[in-house]
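Remarks on the structure that follows.
Per chain, numbering begins at 1; letters A, B, ... match sequence-line order.
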Amino acid sequence: MEFRHGAGVEEPCPVCGDKVSGYHYGLLTCESCKGFFKRTVQNNKKYTCAQSQSCRVDVSQRKRCPFCRFQKCLHVGMRLEAVRADRIRGGRNKFGPMYKRDRALKQQRKALIQASRFRIVSSPSLGSSTQQRDVTFTCGLHPVPILHCNPMQSHGISYQPPTLSSLLPSDSPGVQQYQCTSSSNWTIKSEHGNNSAAGFDSDELYSRHLPLRGLRMPQLVTEFVRCDPDEQQLQNKITARLLQEQTDCEKHGNPSSFGLMCLMADQTLFSIVEWARTSIFFKQLKVNDQMKLLHSCWSDLLLLDVISRQVLYGKEGSLLLVTGQEMELSDVASHAGVAGLIQRGQELVEKLHVIKVDRQEFACIKFIVLFNPDVKQLEDHRFIESVQEQAEGALLEYTLCTSSHVLGRFAHLLLCLSELRSLSALAEEYLYCKHLGGEVPCNNLLIELFHAKLGMNTQAPCECLQPHGGIKL
DNA sequence: CTAGCCTTGAGA
DNA sequence: TCTCAAGGCTAG
């Protein structure tokens, strides 16, 4: 039977990714997984896995290992008790109200996301912000005011960072079993309310006017936050690396503040790659897709890292660096070529600060940015799209729980994300000018990623896009 | 054994 | 009466 209820129709089967045909045994699945689950339970089948009980289950390989397929059915939340012991056909079971709630929730979420997107597309303020791009953007080579302490070397540094491809695992992680594949396993409320598949009570979604900060949040948000590195550890790590660079290169003349900033950005990019590499969902992607995603969004993530630090820990009027040091914003902004960028960045920080965006929301936004299904030639496009949808859904549910404004906060965050992307494009432009002026230290990840992105945009083959390619500058 | 299609029947 | 999630059937 075709699934004809509108909402959720585009969602893939959480077990194998095939087309969903309706609610079966607790959640939306495809016809084949429904049949497989029924046969297994009715006939009390016992399977064994010839491998390590972590076989990939997708449309093409679902027949290979029934053990792992059944494990995945249970993992995503299919209900044994929905298979009737008496085998009586027809009628309705006790899950009816649960399906109804889930459908309503999905529809609500879809409508809210669409409404938010519509607002973004039609927002005149955003249109103008993109048009405000500084066409007279100068490529001035004046040094950016330096930090208050620890001036560090940048010119002439024999800096040899690993390439992006060497930071990512060379083998395909695709063989790993998906660990958390469907939003269904935490959006469906169990019949009795206290034993939903992953602990999230969908009734909370309907009491969105109550301030629920501090109460249970969507499990996916918890998962996203768990992937985030500890700020203090990150600070220590990057400071140590930069100090090492400094001692290695003390003999190479006067330090350039811009070069120093590049090194800092470079180190931050390493930490971003490390974050992505070890994050839920991302580690399940093939290396080619991982590289394409990172090549596409590195500058957004880098800027998001800077901005989230200002919002969460920063002080007004100063720029808090990843090393914990502070710079006077007026000093930074006085530098030719970045004034517009700094001002808009500061406005964005202020907006996010006013609405008190928290770690949880930044964690979701990072996943929304990383899992961009618009990136060209992705192998696992459907999975990437579903992760972005799940991240958007998690953010929406979180904002519904924490804000009294149903759509306002979520829409506002997406608007800010749009502004972030616009700003990061501007920052790339600035970096490109600096690069042409020979001011960006060579052999750094920043430049590798920058060139990779240029290659993507022009659709020209770029060696940096190759999984095992190195830096060719 | 799989998976697409068919039949059934309680509840809205 | 209609819906749709159960179980059943069967070709491949």
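The closest side-chain heavy-atom distance from A:Arg309 to A:Leu321 is not below 4.5 Å. Taking the side chain as every heavy atom from C-beta outward, A:Arg409 and A:Glu361 approach each other to under 4.5 Å. By the 4.5 Å heavy-atom criterion applied to side chains, A:Leu304 and A:Val306 are not counted as neighbours.
The side chain of A:Arg69 lies closest to B:dA3, out of C:dA5, B:dA3, C:dG7. Proximity note for A:Arg103 (side chain, C-beta onward) versus B:dT2, B:dC6, C:dA5: the nearest is C:dA5. For A:Tyr23, the listed nucleotide lying nearest its side chain is C:dA5; candidates were B:dC5, B:dA3, C:dA5. Looking at the side chain of A:Ser32, the nearest of the listed nucleotides C:dA6, B:dT2, B:dA3 is B:dA3.
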Table of protein N/O atoms under 3.5 Å from nucleotides 9-12 of chain C N/O atoms:
none

Under 3.5 Å, which protein N or O atoms sit close to an N or O of nucleotides 10-12 of chain B? Give each pair with its distance.
from, atom 1, to, atom 2, distance (Å)
B:dA10, O4', A:Arg92, N, 3.4

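Ring geometry for A:Phe37 versus A:Tyr25: interplanar angle of 30 to 60°, hence tilted. Using cut-offs of 30° and 60° on the angle between ring planes, the pair A:Phe367 and A:Phe224 is parallel.
C:dA6 atom C1' lies 14 Å from atom CD of A:Glu81, rounded to whole Å. Rounded to an integer number of Å, the gap from A:Phe37 CZ to B:dA3 P is 16 Å. At whole-Å resolution of the value, CG in A:Leu28 and C1' in C:dA5 are 12 Å apart. Between the CG atom of A:Asn43 and the C1' atom of C:dG8 there is a distance of 12 Å, given to the nearest Å. The distance from atom CG of A:Asp102 to atom C1' of C:dA5 is 14 Å, rounded to the nearest whole Å. As a whole-Å value, the separation of A:Phe95 CZ from C:dA6 P is 7 Å. Taking atom CG of residue A:Asp86 and atom P of nucleotide C:dA6, one finds them 13 Å apart after rounding to whole Å. The NE2 atom of A:His24 sits 11 Å away from the C1' atom of B:dG4 (whole-angstrom rounding).
The backbone N or O of A:Val59 lies less than 3.5 Å from no partner atom in the side chain of A:Asp18, so there is not a single donor-acceptor pair.
By the 6.0 Å contact criterion, CD on A:Glu379 is enclosed, its count of non-hydrogen atoms from other residues, nucleotides or ligands being greater than 12. More than 12 heavy atoms of other shown residues, nucleotides or ligands fall within 6.0 angstrom of atom CZ in A:Arg84.
For C:dG7, the OP1/OP2 oxygens have a side-chain nitrogen or oxygen of A:Tyr25 closer than 4.0 Å. Residue A:Arg84 places none of its side-chain N or O atoms closer than 4.0 Å to OP1 or OP2 of B:dG9. Under 4.0 angstrom from either OP1 or OP2 of C:dG8 there lies at least one side-chain N or O belonging to A:Gln42. Between A:Arg87 and C:dA6 there is no side-chain polar atom (N or O) within less than 4.0 angstrom of OP1 or OP2.
Under the side chain to side chain contact (heavy atoms under 4.5 Å, CB included) criterion, A:Gln233 pairs with A:Asp230, sequence neighbours left out.
The cationic atom of A:Arg69 (NZ for Lys, CZ for Arg) lies less than 6.0 Å from the six-membered ring centre of A:Phe36 and within 45° of the ring axis.
Within the nucleic acid shown, A:Arg62 comes within 4.0 Å of sugar-phosphate atoms alone, with no base atom in reach, counting heavy atoms only.
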